Amino acid sequence: MRLEDRITRRRQRGGTRRRLVRDLSALDPTAHPDEPTGRGPTLERILDHLDPIFDGDLPPNAHIYGPKGAGKSAVVTTLFEHLSRVVPSQQSVIYTTTRTAGAPTTSFAYIDARDASTEFALLHATLDALSEESIPSQGVGVEALRDRLARRVSYDERAVVAVDHVGEPETYEAMTAIEALEAVSPNFSVLTVGRTPLDGETAERIQSVSVPKYERHSLVDILVARASDGVARNALTHEVTSNVAAWADGDAHDALSALYGATTLAATDGADTIGAEYVDAGMDAVPEDGCSLGRVFALPDSRHHVLRAFVELDDEDTASVSAATEAIASTPTVSLSEATIRRVLYELSDLGIVRRVSERDSTDGPGRPATRPIPNFSTLAFRGLIDTNH
DNA sequence: AATCCACCGGAATTTAGGGCAC
DNA sequence: GTGCCCTAAATTCCGGTGGATT
């Protein structure tokens, strides 16, 4: 959290009333702190790879991979933010006579493929990140985007583009991103970030950096640091915190989701500490092999509305996809037709955001038996986050 | 006016299980 | 008892529409 934010929050809070929750967003599993904890070696390895830029050269394309919640996004986002500040680029430099003619300059762009999940969107987001002015996102074709982007990096300008979250169900493979940008200009270097290593022959052509899951003690450090900003001092015992870290098995996302959920529960109860009972409930709310909340929140608004209604349904209303569809359709905040809601539920289930389980027991009447749709993420954390962030 | 992408809605297809005839 | 057919629900697929821009 930035210093001014801290001060602002203090002022808004007014007095020094002792409260359990200081700043819930500090425990947000989808947000990354400015200085990632415990990822020094990874940072170094990525910097090693990017080293040519400090000599004015363009590094080769590369791929970073590691399991969910290993801090990949945290490292890459902060790294690129700092790089674009430290390394001067064409647009931030005021032209002077001292500028060596022809000396290449390098720009940096961080793109989240979840928000840019088509080639069009990828190019658009890249151009947007590299340009001052905003770029129209409609009424212009892919070809026109390529032209503008190529012009942007022509001459002596280079750009390193990080494309995060490649290879997920709603995005594309690393090679797709690399090829899309290579087709625009040879002045691009692409750094893809995903969960899985490259396969087969591409693995030999593209350098890779593997990010291991967090060690237990590193994850504890992260949780302690986040909790110290998020909740009152001593609200979480060390024992409870390390239990969460052990349970999460190196996955910072799951650990934070559990703590976030636990905190919302404790706060609604008016408790003054987050005891084991809350943390257990928080952990229970996080499904095994669940999908990350980042993916959930990257969905379009219409899907958020559906999910928001969906997570409020009781067991009876989620007995089948049809039942859930009906219940969601009767929610006033959802304006989609039943046909679309139904399709959305199937769509989300394809993406792994909703899971469908077949009910063995209740086989009533003819026809194909129903499957019960259930959210594949912590609904507890989802509810808290969607109110504050979305 | 023409072009372009994203989003929606509904139609078309597939499927699992029970009923019925043999 | 076995296998085919029927039903209703589950699941998938595609063409139309909208809003924005040049």
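Reckoned from all heavy atoms, side chains included, excluding hydrogens, waters and symmetry mates. Residue numbers start from 1 in every chain, and the chains themselves are labelled A, B, ... in the order their sequence lines are given, proteins ahead of strands. In this text, all values refer to a predicted model and were calculated from it rather than measured experimentally.
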### Message
Run A/Arg226 and A/Asp28 through salt bridge (charged side-chain N to carboxylate O under 4.0 Å, His left out) and show every step you take.
### Response
CA-CA 9 Å; A/Arg226 295 269 208 142; A/Asp28 183 348; over 6 Å; no
Would you say the side-chain atoms of [X] pair up with the backbone N or O of [Y], donor to acceptor, closer than 3.5 Å?
X	Y	value
A/Arg114	A/Val166	no
A/Ser189	A/Pro59	yes
A/Thr318	A/Asp315	yes

### Sub-4.0 Å heavy-atom contacts from residues 171-183 of chain A onto DNA chain C, ordered by number
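The stretch gives none, as no residue of it lies under 4.0 Å from the strand.
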### Query
In residues 338-357 of chain A, what residues come within less than 4.0 Å of DNA chain C, judged by heavy atoms?
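Heavy-atom cutoff 4.0 Å gives A/Arg342, A/Arg343, A/Tyr346, A/Arg356.
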#### Entry: Estimated bend of the helix from B/dA1-C/dT22 to B/dC22-C/dG1 (axis per five terminal pairs, rounded to 10 degrees)
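End axes: 20° apart.
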### Message
Counting only heavy atoms from other residues, nucleotides and ligands, does the tally under 6.0 Å from CG of A/Asp289 exceed 12?
### Response
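Result for CG/A/Asp289: open.
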Could you pull out every donor-acceptor pair under 3.5 Å between side chains of residues 175-183 of chain A and any protein atom, sequence neighbours left out?
unit_1: A/Glu182; atom_1: OE2; unit_2: A/Asn61; atom_2: ND2; d: 3.0

### Task
Please report the C-alpha distance between A/Thr192 and A/His63 in whole Å, then the side-chain angles of each, then the deciding distance to 0.1 Å, and finally whether the side chain to side chain donor-acceptor pair (under 3.5 Å) criterion is met.
CA-CA 5 Å; A/Thr192 53; A/His63 180 66; 2.6 Å; yes
Report, one line per pair, each donor and acceptor closer than 3.5 Å where one atom sits in a side chain of residues 203-217 of chain A; sequence neighbours left out.
unit_1: A/Lys213; atom_1: NZ; unit_2: A/Asp249; atom_2: OD1; d: 3.0
unit_1: A/Lys213; atom_1: NZ; unit_2: A/Asp249; atom_2: OD2; d: 3.2

Looking only at side-chain N and O atoms, does [X] come under 4.0 Å of OP1 or OP2 in [N]?
X	N	answer
A/Thr371	C/dA10	no
A/Ser320	C/dA10	yes
A/Arg303	B/dC8	yes

Look for any protein N or O under 3.5 Å of an N or O in nucleotides 15-22 of chain C and output each such pair with its distance, or none.
unit_1: C/dA20; atom_1: O4'; unit_2: A/Gln138; atom_2: OE1; d: 3.1
unit_1: C/dT21; atom_1: O4'; unit_2: A/Gln138; atom_2: O; d: 3.0

### Message
Quick check for you: among C/dA9, B/dC8, B/dA6, whose closest atom lies nearest to any side-chain atom of A/Ser322?
### Response
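Of the options given, the side chain of A/Ser322 lies nearest C/dA9.
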#### Entry: Side chain of A/Ser337 - closest among B/dA6, C/dT11, B/dG10
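Within the option list, the nearest is B/dG10.
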### Task
Please work out which of the three classes, parallel, tilted or perpendicular, describes the rings of A/Phe297 and A/His304, given edges at 30° and 60°.
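Geometry flag for A/Phe297 against A/His304: perpendicular rings.
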